Protein chains: 2
Amino acid sequence: MNNTKRARYETRASILKALAHPTRLFMIEQLSKKSHCVLELTEMVGLDVSTVSKHLSILKNSGLVNVEKKGKQVFYSLRMRCALNFLDCVEAVLREQAQDRMDAIQ
Amino acid sequence: MNNTKRARYETRASILKALAHPTRLFMIEQLSKKSHCVLELTEMVGLDVSTVSKHLSILKNSGLVNVEKKGKQVFYSLRMRCALNFLDCVEAVLREQAQDRMDAIQ
DNA sequence: TGCATAATTGGCAAAATAACCAAATAAGAT
DNA sequence: ATCTTATTTGGTTATTTTGCCAATTATGCA
C-alpha cells in the first residue's frame with residue numbers, strides 16, 4: 001500500500017473508530033431514538049461530563065451526528081441513520097459466533 | 001449504564017474495533033474479492049509478516065473472517081459479507097462531509 | 001533426518017486512547 | 001455586573017494498540 005492509498009483507508013477507518021467504543025455505541029443508539037443534550041447523555045452513560053463531551057466530539061468530527069445549540073444546551077442527534085445497519089451486522093456476527101459454539105460442543 | 005449493559009456494548013464494540021484499522025479495512029476488502037494466504041496479504045499491505053498475522057488474528061477472533069489451512073499455508077476469506085454494508089455507509093458519510101465543505105465555502 | 005518455507009507467538013518501544021480533575025468558556029437568570 | 005448552569009478544553013495518568021525483531025511451531029520436501 002502506498003501513502004495515498006493508506007491515507008484513504010485511514011480516513012475510512014477513523015469513521016469506524018468513532019463507532020468502535022462501547023460508550024459511543026450506546027450513545028449512537030440513544031441518539032437514533034431522539035436527540036439529547038450532553039447532561040442527559042452523561043446521566044445515561046454514568047461517566048464524567050468531560051469524558052462524555054469528548055466522546056461526543058469524536059462522533060461530531062466523524063460526521064455521524066448533528067449538533068444544535070439551544071440556549072445553554074447543546075443537542076446531539078444521529079445524522080447518518082445508515083450507521084444503524086452496522087449494528088444489524090454486528091448482531092448477525094454474534095449470532096454466528098453463538099452457533100459456532102453450539103456446534104463445537106455437539 | 002450498569003455492568004451487564006456495559007459488557008453487552010463492549011462485545012459489540014469489539015467487533016467494530018476489528019474493522020476500525022486501515023490495514024484491516026484494506027484486508028477485509030481484498031478478502032471480499034477472493035481468499036488469500038498470509039504472505040499474499042503481507043505483500044499487498046507492505047508491513048512485516050508478524051504484524052499482518054496479528055491483524056488477521058484480530059479479524060479471526062471477531063468472527064468476521066474464515067480461516068482454512070491448506071498445507072503450509074493458511075487462507076483467510078470474508079465470512080460476514082454484511083461487513084461490506086458498513087463500508088457503503090462510510091462512503092455515504094464521506095460524501096456528506098464533502099457536501100458540507102462545499103456548502104461552507106459558498 | 002535435516003532443510004526450507006509459512007505462519008504464529010513473545011517481547012519490547014512508541015504511539016494512541018480513555019478516564020478523571022481542574023480550569024476556562026458561553027449563555028441565560030437575578 | 002454577578003451568579004449559576006451547561007459545555008468544552010487542558011493536563012495527567014493508566015491502559016491499549018501497533019509495529020518490528022527474534023524465536024518458535026508446523027508442514028512439506030530432499
Side-chain angles (χ1 to χ4, degrees), chain A residues 1-3 5-7 9-28 30-31 35-62 64-77, chain B residues 1-3 5-7 9-28 30-31 35-62 64-77:
Chain A
M1 271 206 289
N2 58 39
N3 281 356
K5 209 166 177 185
R6 184 168 302 277
Y9 282 96
E10 252 158 40
T11 307
R12 278 147 186 80
S14 76
I15 294 172
L16 289 165
K17 256 186 220 178
L19 268 173
H21 186 282
T23 301
R24 295 195 290 267
L25 207 48
F26 171 79
M27 293 200 296
I28 284 281
Q30 298 306 311
L31 295 176
S35 72
H36 288 283
C37 70
V38 181
L39 277 196
E40 284 171 341
L41 290 166
T42 301
E43 178 78 11
M44 292 188 257
V45 166
L47 295 173
D48 193 89
V49 183
S50 66
T51 303
V52 172
S53 175
K54 278 173 186 170
H55 279 307
L56 286 168
S57 156
I58 290 168
L59 288 177
K60 181 181 66 182
N61 289 133
S62 75
L64 288 167
V65 302
N66 281 316
V67 189
E68 197 184 353
K69 190 152 192 174
K70 276 185 189 165
K72 278 188 289 192
Q73 292 166 305
V74 178
F75 282 83
Y76 289 82
S77 60
Chain B
M1 269 207 292
N2 58 40
N3 280 357
K5 210 167 176 183
R6 182 168 304 277
Y9 282 97
E10 251 158 41
T11 306
R12 278 145 186 81
S14 76
I15 293 172
L16 289 165
K17 251 187 225 178
L19 269 173
H21 186 281
T23 300
R24 295 195 292 267
L25 207 47
F26 170 79
M27 292 198 297
I28 284 281
Q30 298 307 311
L31 295 177
S35 71
H36 287 283
C37 69
V38 180
L39 278 196
E40 284 169 342
L41 289 166
T42 301
E43 179 79 11
M44 294 188 255
V45 165
L47 294 173
D48 194 88
V49 185
S50 66
T51 303
V52 172
S53 176
K54 278 173 186 169
H55 279 306
L56 286 167
S57 154
I58 290 168
L59 288 176
K60 181 182 66 182
N61 289 133
S62 75
L64 287 167
V65 302
N66 281 316
V67 189
E68 197 184 353
K69 190 152 192 174
K70 277 186 191 165
K72 277 189 288 193
Q73 292 166 304
V74 178
F75 283 82
Y76 289 81
S77 58

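In what follows, every chain begins at residue 1, and chains take the letters A, B, ... in the order their sequences are listed. As the structure is a prediction and not an experimental result, all values here were calculated from the model.
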Enumerate the protein-to-nucleotides 9-12 of chain C contacts in which both atoms are nitrogen or oxygen and the separation is below 3.5 Å.
residue : atom : partner : partner atom : Å
C:dG10  : O6   : B:Lys54 : NZ           : 3.0
C:dG11  : O6   : B:Lys54 : NZ           : 2.6

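- When distances run from any side-chain atom of B:Arg24 to the nucleotides D:dT7, D:dG19, D:dT18, the shortest one goes to D:dT18.
- If you measure from atom CD of B:Glu10 to atom C1' of C:dA19, you get 14 Å, rounded to the nearest angstrom.
- Within the nucleic acid shown, B:Leu47 comes within 4.0 Å of sugar-phosphate atoms alone, with no base atom in reach, counting heavy atoms only.
- Taking the C1' atoms of five terminal pairs at each end of the helix from C:dT1-D:dA30 to C:dT30-D:dA1, the two resulting helix axes are inclined by 10°, rounded to 10°.
- Listed by chain and number, the residues in a side chain to side chain donor-acceptor pair (under 3.5 Å) with B:His55 are B:Arg24 (sequence neighbours excluded).
- An OP1 or OP2 oxygen of C:dT17 is reached within less than 4.0 angstrom by no side-chain nitrogen or oxygen of A:His55.
- Within residues 35-46 of chain A, no residue has any heavy atom under 4.0 Å from DNA chain C.
- Using a 4.0 Å heavy-atom cutoff across all strands shown, B:Tyr76 reaches sugar-phosphate atoms only and no base atom.
- Closest approach of A:Thr11 and A:Ser14 over heavy atoms only: O-OG, 2.7 Å.
- Between B:Leu64 and B:Ile28, the shortest heavy-atom distance links the atoms CB-CD1, 4.4 Å.
- Looking only at distances, a side-chain donor or acceptor of A:Ser62 sits under 3.5 Å from a matching main-chain atom of A:Leu59.
- Closest approach of A:Tyr9 to B:Leu25, counting heavy atoms only: O-CD2, 3.9 Å.
- With respect to A:Val45, the side chain to side chain contact (heavy atoms under 4.5 Å, CB included) criterion is satisfied by exactly one of A:Asp48, A:Leu47, A:Thr42: A:Leu47.
- Between A:Glu40 and A:Ser35, the shortest heavy-atom contact is OE1-O, 4.3 Å.
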Dump every N/O contact between nucleotides 25-30 of chain C and the protein below 3.5 Å, one line per pair.
residue : atom : partner : partner atom : Å
C:dA26  : O3'  : A:Lys69 : NZ           : 3.4

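- For DNA chain D, the residues of residues 11-21 of chain B within the heavy-atom distance limit of 4.0 Å (strictly under) are B:Lys17, B:His21, sorted by number.
- Between the CZ atom of B:Phe75 and the P atom of C:dT5 there is a distance of 17 Å, given to the nearest Å.
- Counting all heavy atoms, side chain and backbone alike, A:Met1 lies closest to B:Thr23 at CE-CA, 4.4 Å.
- Taking the nucleotide of DNA chain C with the nearest heavy atom to each of A:Thr23 and B:Gln73, the more 5' of the two is matched to B:Gln73.
- The distance from atom CG of B:Leu41 to atom CD of B:Gln30, rounded to the nearest 0.5 Å, is 8.0 Å.
- Judged by distance alone, with hydrogens and angles left aside, the side-chain atoms of B:Ser53 form no donor-acceptor pair with the main-chain N or O of B:Val49 at under 3.5 Å.
- Scanning both residues, A:Tyr76 and A:Val65, for their nearest heavy atoms gives CD2-CG2, 4.0 Å.
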